[in-house]
Amino acid sequence: MLVTPSFAQDAEPVPTENLNTETGVEDHGAEGSGLFPPFDSSTFASQLLWLAITFGLFYLFMQRVIVPRIGGILENRRDRIASDFDEAERLKSEADEAIAAYEQELAEAKSKASLIGQRARDDAKAEADIERTQIESDLAAKMAEAEKRITEIKARALGEVDVIAEDTTVAIVEQLTGSTVTPATASAAVKAVANDE
Amino acid sequence: MADDPISQFQISRLVPIEIGNLDFSFTNSSLFMVATVAAAGGFLFLTTANRGLVPGRMQSISEMSYEFIANMLREGAGTQGMRFFPLVFSLFMFVLVANLMGMVPYFFTVTSHIIVTFALAMLVIGTVIVYGFMKHGIGFLKLFVPHGVPPLIVPLVSAIEVISFLSRPISLSVRLFANMLAGHITLKVFAGFVTSMSALGALGVVGSILPLLMTIALTGLEFLVSFLQAYVFAVLTCMYLNDALHPGH
C-alpha cells in the first residue's frame with residue numbers, strides 16, 4: 001500500500017518535540033501533534049504497518065484454519081443429515097414391505113378362513129338336507145298310511161251307511177204302513193234310490 | 001483522559017520503533033488491532049474446537065457468522081465468488097470486532113481512523129482490479145461500458161462509470177470511518193454533559209438525567225451501527241467482487 005507522499009512532514013529530525021508541524025503552535029497535550037488525530041499523517045505509517053501485520057496474519061489464520069474447519073463442520077453435518085435421511089428412507093421402505101407382507105398374509109388367512117367356513121356351512125347344509133329328506137320321506141310314508149286308513153274307514157263307513165239306510169227304511173215302512181218289509185227288499189230299494197241319485 | 005471528545009482518537013506510542021524517517025511505533029492503535037485479531041480469531045477457533053455435530057451456543061455464533069457471509073457472497077457474486085470467501089469473512093470479522101471493541105469505555109476504536117478503513121477499502125478495490133484483469137484481461141474494461149447503451153452516449157456513461165468506480169474506495173472507507181468517528185464523538189459529548197452538569201450541584205444532577213438517557217440510547221444505537229457498518233462493508237465488498245467476476249453487467 002503506497003501512501004508515501006504524505007510523509008514529507010515526518011522528515012523533521014526531532015519528531016518528539018511538542019510543536020505542531022503544520023501550524024507551529026505548541027500542543028496542549030503531552031502526546032500527539034494537536035492535529036485532528038485521524039488526519040494526522042505522522043501516525044499513518046505505523047497504522048498501515050500494524051494493520052498489514054495483524055490483518056495479514058488474521059487473513060492467513062482464517063484461510064488456513066477457521067474457514068476449512070467451520071466449512072468441514074457444516075459439510076459433516078450436511079452429510080450426516082443426508083445419510084440419516086437415506087437410512088430413514090431405507091427403514092421406511094423396509095417397514096412398507098413388512099406391512100405389505102403382513103397384509104398379504106392377512107388376506108390369505110381371511111380367504112382361507114372363509115373357505116373353511118364355506119366348507120363347514122356346505123357340510124352342515126348337506127347333512128341337514130339329508131336329514132330333512134329322510135324326515136320328509138318318513139312323513140310322506142306316515143301320511144300315505146294315514147290316508148290309506150282314512151279311505152278304509154271311509155269305505156267301511158260308507159258300507160255301513162247302506163245297512164243303516166236299510167234298517168231305517170224297514171223302520172220307516174213299518175211305522176208308515178204297519179207292514180214289514182224284508183231286509184232284502186229294503187236293500188234293493190235303497191240301492192235303487194242310491195243309484196238314482 | 002480529558003473531557004475533550006477528540007482525545008479518544010489520539011494515538012500514543014507504546015513501543016517506539018523508527019526505521020529511517022518513518023515511525024512504525026507499536027501504538028495503542030496497534031495494540032487494539034492485535035486485540036481485535038486475537039479476539040476474533042480466538043473466538044472462532046475456540047468455539048469450533050469441539051467440531052460438534054450438534055453445535056453449542058457459542059459454536060452456533062461462529063457457524064452463523066460463517067453462513068451469513070457465505071450466503072451474502074453467494075447471492076452477491078455467485079458461486080464463483082466463493083473463492084474470495086476467506087477475504088470477505090476476514091474483513092467482516094475484523095471490522096465487526098474492531099467496532100464492537102471500540103464500544104468498551106477507554107478502548108481505542110481502530111476503525112475510527114481513516115487510514116485504516118481506507119487501507120481495507122483499497123485492499124478490496126485492489127483485489128477487484130487485480131483479479132478482474134487477471135481473469136478477463138482487457139475485457140475487464142467492459143465494466144465501464146454497459147451494453148444496451150446507445151453508442152452516442154457511451155463516452156458520457158463510461159465517464160460516469162469510471163468516476164463511480166474511482167469513488168468506491170473513498171465512499172467505502174469514509175462511510176465506515178465517519179460512522180465510527182461521529183458515533184464516538186456524540187457519545188463522548190453527551191457523556192461529558194453528564195459529568196460537567198452534575199458537577200454544578202443538585203440542580204445539575206437532576207438536569208444531567210436527560211443527557212444520561214441520551215447516552216444510554218446512543219450506546220444502543222452505536223452497537224447497532226457497529227454491526228451495520230461491518231455488514232455494509234461486507235455487502236459492498238461482495239458487490240465489487242461481483243464486478244471483478246462478471247464485468248459485463
Side-chain angles (χ1 to χ4, degrees), chain A residues 1-4 6-13 15-16 27-81 84, chain B residues 2 4 6-13 16-19 21-27 29-31 33-38 40-41 44-45 48-49 51-55 59 62-63 65-67 70 85-87 89-91 93-94 110 112-116 118-120 122-123 126 177 181:
Chain A
M1 276 149 259
L2 306 164
V3 215
T4 37
S6 55
F7 286 106
Q9 59 203 80
D10 285 336
E12 60 167 29
T16 44
D27 288 335
H28 17 266
E31 50 188 358
S33 58
L35 266 176
F36 184 53
F39 296 145
D40 180 2
S41 57
S42 68
T43 64
F44 285 3
S46 150
Q47 291 198 63
L48 285 176
L49 174 75
W50 288 102
L51 178 67
I53 292 172
T54 53
F55 188 77
L57 288 175
F58 184 58
Y59 176 77
L60 282 179
F61 181 65
M62 292 290 269
Q63 192 199 22
R64 298 272 157 83
V65 182
I66 296 298
V67 169
R69 183 189 276 188
I70 300 183
I73 291 172
L74 296 175
E75 190 73 20
N76 258 354
R77 186 170 309 145
R78 234 191 316 271
D79 288 354
R80 179 64 187 272
I81 288 171
D84 281 2
Chain B
D4 175 13
I6 302 299
S7 63
Q8 58 178 319
F9 305 112
Q10 201 65 252
I11 288 182
S12 53
R13 296 180 187 188
I17 302 167
E18 279 182 49
I19 300 168
N21 288 326
L22 293 179
D23 177 12
F24 288 124
S25 304
F26 188 82
T27 62
S29 171
S30 319
L31 177 67
M33 286 178 194
V34 172
T36 298
V37 165
L44 291 171
F45 184 78
T48 56
R51 295 160 197 262
L53 192 63
V54 179
Q59 193 183 326
S62 293
E63 286 176 12
S65 52
Y66 178 100
E67 293 200 308
F85 178 69
L87 176 67
F89 195 26
S90 303
L91 280 170
M93 290 308 290
F94 185 85
V110 174
S112 67
H113 276 249
I114 181 85
I115 189 68
V116 172
F118 187 71
L120 293 175
M122 282 312 291
L123 178 64
F177 150 73
L181 183 82

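All figures in this text were calculated on a predicted structure; none of them were measured in a lab. Per chain, numbering begins at 1; letters A, B, ... match sequence-line order. We use all heavy atoms of the structure for the numbers below, so side chains are in, but hydrogens, waters and symmetry mates are not.
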Interface moiety of [X] toward chain A, non-hydrogen atoms closer than 4.5 Å:
X         : result
Tyr66(B)  : side chain
Leu91(B)  : both
Leu87(B)  : both
Ala49(B)  : both
Phe177(B) : side chain
Ala38(B)  : neither
Pro16(B)  : neither
Ser112(B) : backbone

Legend entry - Closest non-hydrogen atom pair, Gly41(B) against Ile66(A): O-CD1, 4.3 Å
Inset, instruction - Decide yes or no for Met33(B) and Ile53(A): does some side-chain heavy atom of the first lie under 4.5 Å from some side-chain heavy atom of the second? - result: no
Legend entry - Thr43(A) side chain reached by Ser29(B) side chain, heavy atoms, under 4.5 Å: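 Heavy-atom side-chain distance check fails, nothing below 4.5 Å.
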Legend entry - His113(B) side chain vs Phe44(A) backbone, donor-acceptor pair below 3.5 Å: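 The answer is no, because no donor-acceptor pair under 3.5 Å joins these two groups.
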Inset, instruction - For the pair Ser46(A) (side chain) and Ser25(B) (backbone), establish whether a donor and an acceptor sit closer than 3.5 Å, ignoring hydrogens and angles. - result: yes
Does any backbone or side-chain atom of [X] lie under 4.5 Å from a heavy atom of chain B? Answer side chain, backbone, both or neither.
X        : answer
Val65(A) : side chain
Arg77(A) : both
Tyr59(A) : both

Legend entry - Among Arg80(A), Gln63(A), Gln47(A), residue most engaged with chain B (heavy-atom pairs, under 4.5 Å):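 Heavy-atom pair counts peak at Gln47(A).
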Inset, instruction - Between chain B and each of Asn76(A), Leu57(A), Ile70(A), count heavy-atom pairs under 4.5 Å; write down the option with the most. - result: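 Looking at each of Asn76(A), Leu57(A), Ile70(A) in turn, Ile70(A) comes out on top.
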Inset, instruction - Could you tell me the separation between the CG atom of Leu44(B) and the CD atom of Glu63(B), rounded to the nearest 0.5 Å? - result: 11.0 Å
Legend entry - Spacing of CZ belonging to Phe39(A) relative to CD1 belonging to Ile114(B), to within rounding of 0.5 Å: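 Between atom CZ of Phe39(A) and atom CD1 of Ile114(B) there are 6.0 Å.
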Inset, instruction - List for me each residue that meets salt bridge (charged side-chain N to carboxylate O under 4.0 Å, His left out) alongside Glu67(B), sequence neighbours excluded, and say none if there are none. - result: none
Inset, instruction - For the pair Phe55(A) and Phe94(B), name the ring-plane relationship: parallel under 30°, tilted 30 to 60°, perpendicular over 60°. - result: perpendicular
